[in-house]
Amino acid sequence: LIEKDIFLVYQRQNDRIITPDKEPPKEIHFTPGQADALRQVDEGLHEKNVLLLEGVTGSGKTLLYIHKIKEAIAAGHQAVLLLPEIGLTTQLVSRLYAYFGEELGVYHSRFSNNERVEIWEKVKTHKYKIVVGPRSALWLPYDHLGLIIVDEEHDASYKQKDPSPRFHARDAAIYLASLHQAKVILGSATPSVESLYNSRQHKYAYAFLKERYQGVNMPAIEIINAKSLEQMRAQDIKLITPELHKEMLQALKERKQIILFQNRRGYAPFQLCTVCGWVPHCKNCSVSLTYHKSSDKLHCHYCGLKSAVLHTCLNCGSNRLQSKSFGTERIEEEVQQLFPDIRVARMDVDSMRGKHSMTRLLEQLEKRAIDVLVGTQMVVKGLDFANVALVGILNADSLLSYPDFRVNERAFQLMEQVSGRAGRSDGEGKVLIQAHNVEHPVLKWVQQHDVAAFYEKEIQYRQHFGYPPFSRSIKISFKHRDEPTCIKAAHMMAEALNDLPGIVVQGPAPALVSKVRNLYVQEVWLKCPPKDRALMDLVKSRAIAEKQLLTSRRGLTNVQVLFDVDVV
């Protein structure tokens, strides 16, 4: 049939990446505040290659990004817009298509390998003029790069923890831009202490967008003493204070949406025997098991182990096991119990496992098919929904009591960012923060939206103790199945590096989680002067040489030695 020309054979290239139909190009209209910030951005990028754009939540930083991307494309360059989470790309990309159409590409790890190859080819052949994605989007083959924008530059998700290379996307973006003579804009409502310090030292240019889009008011923030929870015990309500309950009733009556934030997933972070104090732990890791009601199992969030729920204590045999603390599943259940007729959804790692789970959830929120959204820090980052009027932070104490020198910075950023989800369209937003330690200074700074006061206090503390940005840190981790072997290797490394002048060697000490997946973990920390690049290079080369010596010794060949520079 082919030979007789009855059938015709031809090949056609078919895109795996589905691009929405292009809309007519949108015009950008700036408010006076945005126009002033744009002038600062233009002047700053004329003087420096890197600019920090600080703009309060809901100030319309995205419009400034779009304008600068259009300028870069008009000059024949490619642009990259980095976002901290895959979930953020969903909402933002639907808006960007209206401005860039088929010139816009999206890249992240949820694409299949075939889809990734297609995106790679389109970047290489310049079909994509702008690429949006998380940190992995930096590795695409750009050759006419003109602009990199790092949105929410403070976010810890930009740092790759495992596997290697353990790079920080913000710092990698600045270096990549320097190779292409491109410009970098770092944007955030709560910039990292390091970036603010660099702008104060005039290493970066600085621009400030001080008001919300179209003059909308910032949300009012109330701090509630969590002791008032005792009044709700009669109704078997243990997580939502009477004040928050009253505000939720009011918001639901006005058909507004609510976000409840708790940075713990699962139902109960641990179970406790009230007789002897025993807590069920993972057999592979040194962490307590979290109860998940959806699977009715105890989960380990480090190795993925699942085990049956315990009803009797394995230590003393009593049946008085109680669930302590609470996660997002527990909040979801309590909200449903308080308000049986409303629609509640949960946004955490467990509920967002599917490729399109996030997209579907955000569409439901947009269409107001969800009344209350309960979530972990996934709900914090850059989501923009006009109908959200109330945000509740259910346990601020857990954010403020973590053994890390960045604890105040992280808590301030999380609370300020999640509060920024409220009242973005009408300025009628309200934020309620439940805490036992209501006098904590971070809560006062969040209440006043005062980034400057927070920075001034934090930078003094960092300088006093020699933390970044006044030092650079290298963490050397040692992992082995045998704890004494692990400790021995860590001690040998610490002793070998101790004689280097000008650095501080701390440790060895067990990691915060001292056993993961049946491997014991020890850590040695090095603090180096921030401006002495020659010393930093010497320390790195010496550490690599010592690792090779160490792992060639008898009995230590199986020790894993991992380096992490500029730990986040």
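The shown structure was predicted, so the numbers you read here are calculated from the model rather than taken from an experiment.
Using cut-offs of 30° and 60° for the angle between ring planes, the His108 and Phe111 rings count as parallel. Under the 30°/60° scheme for interplanar angles, the aromatic rings of Trp445 and Phe454 are found to stand perpendicular.
From Gln322, atom CD reaches atom SG of Cys273 across 9.5 Å, with rounding to the nearest 0.5 Å.
A side-chain donor from one of Glu409 and Gln413 sits under 3.5 Å from a side-chain acceptor of the other. In the model, Thr190 has no side-chain atom that pairs as donor or acceptor with a side-chain atom of Glu416 under 3.5 Å. Defined by atom type and a distance below 3.5 Å, a donor-acceptor pair is missing between the side-chain atoms of Glu329 and Tyr291.
Scanning for ring pair (Phe, Tyr, Trp, His ring centres under 6.0 Å) contacts around Phe270 gives an empty result, with sequence neighbours left out. Scored by the ring pair (Phe, Tyr, Trp, His ring centres under 6.0 Å) test, Tyr467 finds Phe405 as partners (sequence neighbours excluded). Legend: residues meeting ring pair (Phe, Tyr, Trp, His ring centres under 6.0 Å) with Tyr402, ordered by chain and number and at least two apart, are absent. Applying the ring pair (Phe, Tyr, Trp, His ring centres under 6.0 Å) criterion to Trp120, with sequence neighbours excluded, gives no partner residue. Under the salt bridge (Lys or Arg N to Asp or Glu O under 4.0 Å) criterion, Asp404 pairs with Arg410, sequence neighbours left out.
By the 4.0 Å N-to-carboxylate-O rule, Asp155 lies too far from Arg135 to be salt-bridged with it. One finds no salt bridge joining Glu194 and Lys203 here, because no Lys/Arg side-chain nitrogen approaches an Asp/Glu carboxylate oxygen to under 4.0 Å.
The closest side-chain heavy-atom distance from Ser514 to Glu483 is not below 4.5 Å.
Listed by first and then second residue, the salt bridge (charged side-chain N to carboxylate O under 4.0 Å, His left out) pairs involving residues 556-568 are Lys159-Asp564, Arg472-Asp566 (not counting sequence neighbours).
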